[in-house]
Each structure stands twice: as structure tokens, then as C-alpha cells.
Amino acid sequence: PADTAAAMAALDILEREPHRPRRLRERARFFRKVAREHGLTVCGDEESPVASLIVGDDKLAVALSASLLARGIEVQPIVRPAVSATTARLRFFLTANHTEEQILETVPVVAQQLEKLRRGVE
């Protein structure tokens, strides 16, 4: 019953706010564009709200996640055994409520922290 009620509520929202899926796809494309502009490798479909930043190393992915959390950015590391050792990543979950300003503020911090950690500087 709870799952059914949640699904029905989601359908009601989509009927009242049909712009939300379009805005979500726009945010996903925008996130990937900004990420590429900052030299980040983000995988996944261009319009998917789930974006994976490949960092390539388990320890680096965990350290980057912790470094970003200390700066108010919560993004989870995905490491072995969920992915191979060379494809460790951070997985971003975008929503229609994320603003372009939030993305423009977040992505440069991600790029800077990743570069610092790769150079061995915190």
C-alpha cells in the first residue's frame, strides 16, 4: 500500500507539473557540459539524472567523496566490488530542483579537489 500511494502521488505531481521531467533532462545535460568544461570524465546517458565521475581508483574515490563532504557537497563513492578497480567513481544524483547556479558552484570544486588529491595535496 505504501509503494502504491507513493507511485500515485508521483503520478499526480507529474500531471500537475509536466515541466519537471524536461527540467531534469536539461539539468543533466547542463551538469555534463559544465563537467566536460572542467576536464571531468562523466559517464552515462546525456539526459540521465545519474552521472558517474570516473576517478579510476578506490582510495581516490573515497578520499574525494570525503573532501567534498567537508565542503558541503554530498556525493557517494562507488568502489569494488560494485565496479572494477580501474573504474571507481563518484555517482551524482541530479534532481529537477538543482539549479544551474548550484551546478556552476559545485563542478569547479569537484575538479579542484580531484586535482589536489591526484597531486597528493589536500
Side-chain angles (χ1 to χ4, degrees):
D3 290 340
T4 302
M8 290 173 64
L11 290 172
D12 288 342
I13 291 170
L14 285 174
E15 285 179 3
R16 284 192 317 268
E17 303 176 39
H19 63 279
R20 290 175 73 84
R22 183 186 71 250
R23 186 170 60 208
L24 179 56
R25 289 188 301 273
E26 290 169 356
R27 292 298 185 269
R29 284 192 306 268
F30 185 73
F31 177 85
R32 284 173 170 77
K33 174 184 168 286
V34 174
R36 282 190 298 269
E37 290 171 354
H38 285 85
L40 299 174
T41 303
V42 179
C43 297
D45 182 87
E46 194 71 13
E47 294 185 345
S48 172
V50 179
S52 294
L53 169 64
I54 306 299
V55 296
D57 175 82
D58 289 350
K59 290 179 183 175
L60 180 59
V62 171
L64 181 56
S65 175
S67 175
L68 293 172
L69 184 59
R71 288 158 180 81
I73 302 168
E74 185 173 352
V75 58
Q76 297 302 306
I78 309 298
V79 297
R80 284 179 290 181
V83 296
S84 71
T86 60
T87 62
R89 63 197 65 197
L90 296 187
R91 190 163 287 158
F92 292 83
F93 294 93
L94 302 161
T95 72
N97 294 330
H98 282 115
T99 65
E100 288 187 356
E101 291 77 19
Q102 288 172 318
I103 293 169
L104 288 170
E105 290 173 8
T106 298
V107 172
V109 174
V110 173
Q112 290 165 356
Q113 292 306 306
L114 178 58
E115 181 60 28
K116 284 182 180 180
L117 289 168
R118 284 187 171 150
R119 286 183 294 150
V121 177
E122 176 53 34

Using a strict cut-off of less than 4.0 Å between a Lys/Arg side-chain nitrogen and an Asp/Glu carboxylate oxygen, indicate whether Glu115 and Arg118 qualify as a salt bridge.
no
Are the side chains of Leu104 and Phe30 in contact, using a 4.5 Å heavy-atom criterion?
yes
Determine whether more than 12 heavy atoms belonging to other residues, nucleotides or ligands lie under 6.0 Å from atom CG of Asp3.
no
Any side-chain heavy atom of Thr95 within less than 4.5 Å of one from Pro49?
no
Measure from the side-chain N and O atoms of Arg71 to the backbone N and O of Ala66, and report whether any donor-acceptor pair falls under 3.5 Å.
no
Which pairs with one or both residues in residues 94-104 pass salt bridge (Lys or Arg N to Asp or Glu O under 4.0 Å), sequence neighbours excluded?
none
Which pairs would a plain distance check flag for residues 73-83, meaning a side-chain donor or acceptor within less than 3.5 Å of a matching protein atom at least two apart in sequence or in another chain?
from  : atom 1 : to    : atom 2 : distance (Å)
Arg80 : NE     : Asp58 : OD2    : 2.6
Arg80 : NH2    : Asp58 : OD2    : 3.0

Checking Arg91 now: which residues fulfil side-chain hydrogen bond (donor to acceptor under 3.5 Å, both in side chains) with it, not counting sequence neighbours?
Ser52
Minimum heavy-atom separation for Arg23 to Asn97, with atom names?
NH2-OD1, 3.9 Å
Would you say Leu94 and Val50 make side-chain contact, with heavy atoms under 4.5 Å?
no
Identify, with sequence neighbours excluded, every residue that meets side-chain hydrogen bond (donor to acceptor under 3.5 Å, both in side chains) alongside Glu105.
none
Is there side-chain contact between Leu64 and Leu53, with at least one heavy-atom pair below 4.5 Å?
yes
Apply the side chain to side chain contact (heavy atoms under 4.5 Å, CB included) test between Val34 and each candidate in Leu40, Val110, Val107; give the one that qualifies.
Val107
Side chain proximity check, Phe31 to Val42, heavy atoms < 4.5 angstrom:
yes
Apply salt bridge (charged side-chain N to carboxylate O under 4.0 Å, His left out) to Glu46 and list each qualifying residue two or more places apart in sequence or on a separate chain.
Arg36
side-chain hydrogen bond (donor to acceptor under 3.5 Å, both in side chains) partners of Glu47, counting only residues at least two apart:
Arg29
